[in-house]
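Just so we're clear, the structure is a prediction, and the values are computed from it rather than from any experiment. Chain identifiers are assigned alphabetically (A, B, ...) following the order of the sequence lines, protein sequences preceding nucleic acid strands; residue numbering begins at 1 within each chain.
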Amino acid sequence: MEDPVISELSAIANYPYDMLREYKRQGRRIIGSTLPDVPEELVHAAGLLPFTILGTNRPIRRAGALLPDNSCSLARSTLELVLTYETGLFDGFILPQVDDTTQHLSDIWRRRIPSSFFEPYLVPRQVDRPSSRQWLLDETHRLKESLERYTAGVISDGSLRRSIVLYNRNRRILRRIYAMKRKTPGLISNRAFFELIKSSMFLPKERHNRYLEQLLPRLEQELPSGRTRNLRFVVAGVVWEPPSLMTILDELGIEVVGDDLCTGTRYIEADASTDGDPVGALVDRHFHRGPFSPIHDKGNRILANLLDLVRQHGADGILYLRLKFFESQDYDLPDLKREIQAQGIPIYVLDTEYQTIHLAQTKTRIQAFAESLPGGGT
Amino acid sequence: MTKETGTSKPGAREIMKRLTQDYYGEAARARQEGRRVAYTTAVSPAELFVAHDVIPVYPENHAVMCIMRRMTPTLSAAIEKKGYTTHLCAYARSDLGYRELDESPIGGLPDPDFLLACNAQCFTLTKWFEVLSRRYQAPLFVLDTPQYIRNDKARRNIIRYVEAQIYELIGALEDLTGRRFDFDRLREVLTLSREACRLYKEFLDLARHRPSPISIFDVLIHMAIIVYLRGTPQAVDYYQTLLEEIRTEKVAKGIGVINNERFRLYWENLPVWFKFREHSELLSSYGAVILTSLYVHAWSYDFDPSDPIRSLAENYTGVFSNVELEERAEMALDLFRRYALNGNIMFLNRSCKAVTFGEHELREILTRETGVPALVFESDMGDPRFYSEVQVKTRLQAYFESLERLNI
Ligand code: SF4
């Protein structure tokens, strides 16, 4: 039987907008941001409610006239969501830019979606030299000042540090559950676990922490469910979409033991320091996270990180989710795949997209890959 | 190209041929002569390489040559087999395909010792050059130019960031060659670059005349030099000769690209390279001539040699592909006004997300502000597989009919 906390958070992960409307009615001001890497602690410390807008699987109606159809479905469907489906919910937006698509998305969004607050967040697209840290520090201070102007308030170091503590706590519990999941296969389903993370991107952290604090001791006491888990996978890519993919892995008895997704590890890894300058701490956290395909770094960190995850967690293979028209992955993949295979690690590349409906084939393919692995046959 | 320049006395065209040969010859000999080769992006502070005697090589330029020879489908097929997709930029596909098949219109490019990707132009180049950097085990320097948003504070920070990176780049060049960087030499190079850019801009501005002595097709041919030889005295001489030539042979005599000039067009985006000759002929049959685009203006920089690092940072960050949509629209509207344009062809280029993704919005602004309707069509700048002849012809015809009806 599923834990009530898990069911509740899963429901929110799958449709957070009723909840959001409730907060709006209560007078909360909501700041939506898109992936990746917005320092939500700043938004929180400004007394605003940060919310990550993660696209929709409902049909694209209006975004198609603004962004060509060879742009990635994450960008298009995120735009569609605020244009068509969940209008009037957000007071403001922060749009990070990491590539051509997000740069244009930011312009289009600013022009098309009415809001009383809008900032692009210009994250460094190289992180291999010292200049990038100073830049992100400048840019984060600019964001902070802009939020202060918007709220006509001051984000004090004290309040920012309190937000950091709150967010660190959230990340730590989620990492702890991830560790337990690795250790005790079947303890929590892939879908349930990653929906814990997703719901954290939606809910106020105070409330999410309360949920997690109820759940954690229950998970700690629980014995392995007895479900068989044959295989351990590392999942690579950008987002867990469509969500039924997680269910497919659950049904196939595959335990996800590591990932480099924006809606997975990238959201919960690394804490910000609670000592010293809190803005600097948020900036440092940015640099302590794993690699992300659009951001240039020394060497091939994406490869190194995946190899590391596989070895560290004894994974049987890598499932690479290739988001259609997410250009950056298309440049990485041929070399990445070759190198991974050269290391004797099986990898399966699955083409994904928002608005995907037919998943029967997908299941068959993943199953075929799983069965081809040593220990994968039944 | 239409007939007009072919008949002129030996001049700019010949010089260009020779300069191009010399340049590629020099690049090919670099290894034997113990010189370093750096791959770089068309929009990048190449003056630093020139000043440091490192030879800048432009894979984009080579890719254009592959496209013009219609080699792209074959080159692309070779890398599609390796898992790259057809929706990547046709320059990247041509280039990576060339490296697979070793087929090139000019006998290939020297391998890089160093790579520089400046992302003011696009993000694609960073990823494409990452592939090359792995292939040749040569260091890649990404010069990150955040979008030049219209916010004073952000702009000050951005310039500071780009300046800091230019110093890092200078350090990387010193490591590459083991030589100290010479800032006096950089000032000289920047002075030459400023002069070439000024002349290049004068050349572009010849399109103000009525009838215009140049079309964008002339510009597309003559822009190669400003892309890969800016910072050299040869580039300055070349544009001087070119200007004199057009002034005496065309402007002074009132000769235009076409006799019955009726529609003076703006072109948005890069050209459909493999079609541009045909486009020019087709258009002239309607009394239409494409005069300009923001793309060709991307190299009309204005450097200040007395403050070289800052000036490099500002010029390369503020390029049209890296500013906010509204500012880009203002840049285009400035061309509409200055060149008295009365038609607008907007090409949605599947290859180039960086220039294309804002185009629907851009169209709205341009149409609203100029009252000139836009013809929008989708294709690819380098891959004939995405080009539909019939569609383009019918659309063009319908477009000019509607301009006639509107009496524009
Ligand atoms: S055509 Fe566009 S995407 Fe391709 S290299 Fe040039 S700017 Fe980049």
Practice task
Say whether, by atom type as modelled, one donor and one acceptor occur between the side chain of His104(A) and the main chain of Ala354(B) under 3.5 angstrom.
Solution key: yes
Fill in the blank from the handout: Honestly, the part of Gln147(B) sitting under 4.5 Å from a heavy atom of chain A is both
Handout entry: Contact class of Arg133(A) relative to chain B, heavy atoms under 4.5 angstrom
Key = neither
Completion exercise
Cut-off 4.5 Å, heavy atoms of chain A, and the answer for Arg350(B) is both
Problem - Members of residues 327-335 of chain A whose heavy atoms come closer than 4.5 Å to chain B - result: Glu327(A), Ser328(A), Asp330(A), Tyr331(A), Asp332(A), Pro334(A), Asp335(A)
Exercise for the section: Identify the two heavy atoms, one from Phe357(B) and one from Ile108(A), that lie closest to each other, and give their separation to 0.1 Å. Expected result: O-CD1, 3.7 Å
Handout entry: Test: Arg134(B) and Glu339(A) ion pair at under 4.0 Å
Key = no
Problem - Proximal component of Glu359(B), with respect to chain A [non-hydrogen, under 4.5 Å] - result: neither
Exercise for the section: Let me know if Val376(B) has heavy atoms under 4.5 Å from chain A in its side chain, its backbone, both or neither. Expected result: neither
Exercise for the section: Check whether any side-chain N or O of Asp100(A) sits under 3.5 Å from a backbone N or O of Phe123(B) as a donor-acceptor pair, and report yes or no. Expected result: yes
Handout entry: Nearest atoms (heavy-atom pairs only) where Glu168(B) meets Pro130(A)
Key = OE2-CD, 3.3 Å
Fill in the blank from the handout: Answer key: most heavy-atom pairs under 4.5 Å with chain A among Thr124(B), Val131(B), Asn322(B) is Thr124(B)
Fill in the blank from the handout: Checked Leu348(B), Thr145(B), Ile79(B) vs chain A; the most non-hydrogen pairs under 4.5 Å come from Thr145(B)
Exercise for the section: Sort Pro120(A) into side chain, backbone, both or neither according to what part of it lies under 4.5 angstrom from a heavy atom of chain B. Expected result: side chain
Handout entry: Contacting moiety of Ile365(B), where chain A heavy atoms sit under 4.5 Å
Key = side chain
Exercise for the section: Could you check which of Asp69(A), Asp99(A), Asp128(A) has the highest count of heavy-atom pairs closer than 4.5 Å to chain B? Expected result: Asp99(A)
Fill in the blank from the handout: Of all heavy-atom pairs linking Gln165(B) and Ser131(A), the shortest is CG-OG, 3.4 Å
Practice task
May I ask you to name which of Ile149(B), Thr126(B), Val162(B) has the most heavy-atom pairs under 4.5 Å with chain A?
Solution key: Ile149(B)
Handout entry: Residue Ser321(B) versus chain A: region with a heavy atom under 4.5 Å
Key = backbone
Handout entry: Any side-chain heavy-atom pair of Phe141(B) and Arg129(A) under 4.5 Å
Key = yes
Fill in the blank from the handout: Turns out that what part of Arg156(B) lies under 4.5 Å from chain A's heavy atoms comes down to neither
Handout entry: Residue part contacting chain B, namely of Gln126(A), when any heavy atom lies under 4.5 Å
Key = both
Practice task
Tell me, for Arg142(A) versus chain B, whether the close heavy atoms (under 4.5 Å) come from the side chain, the backbone, both or neither.
Solution key: side chain
Completion exercise
Residue from Glu361(B), Glu326(B), Lys153(B) scoring the most non-hydrogen pairs under 4.5 Å with chain A is Glu361(B)
Completion exercise
Whatever's closer than 4.5 Å to a heavy atom in chain B on Val98(A) counts as backbone
Exercise for the section: Quick one: closest heavy-atom pair of Pro68(A) and Thr356(B), and the distance? Expected result: CG-CG2, 4.3 Å
Practice task
Could you list which of residues 285-304 of chain A have a heavy atom closer than 4.5 Å to any heavy atom of chain B, in residue-number order?
Solution key: Ser293(A), Pro294(A), His296(A), Asn300(A)
Practice task
Side chain from CB out, backbone as N, CA, C, O: work out which of these in Glu324(B) comes under 4.5 Å of a heavy atom of chain A, or both, or neither.
Solution key: both
Exercise for the section: Taking atom types as modelled, find out whether Asn151(B) and Glu119(A) have a side-chain donor-acceptor pair closer than 3.5 angstrom. Expected result: no
Problem - Among Asp144(B), Leu96(B), Leu140(B), residue most engaged with chain A (heavy-atom pairs, under 4.5 Å) - result: Asp144(B)
Exercise for the section: Count the heavy-atom pairs under 4.5 Å between each of His141(A), Lys337(A), Gln103(A) and chain B, then report the option with the highest count. Expected result: Gln103(A)
Practice task
Heavy-atom distances under 4.5 Å only: say whether Arg328(B) touches chain A with side chain, backbone, both or neither.
Solution key: side chain
Exercise for the section: Identify which of Val349(A), Asp138(A), Leu122(A) forms the greatest number of heavy-atom pairs closer than 4.5 Å to chain B. Expected result: Asp138(A)
Exercise for the section: Could you tell me whether a side-chain N or O of Asp107(A) sits under 3.5 Å from a main-chain N or O of Leu325(B), the two making a donor and an acceptor? Expected result: yes
Handout entry: Smallest separation among heavy atoms of Pro124(A) and Tyr161(B), with atom names
Key = CB-OH, 3.8 Å
Practice task
Name the member of Ala164(B), Cys122(B), Pro139(B) that forms the most heavy-atom pairs with chain A at distances under 4.5 Å.
Solution key: Cys122(B)
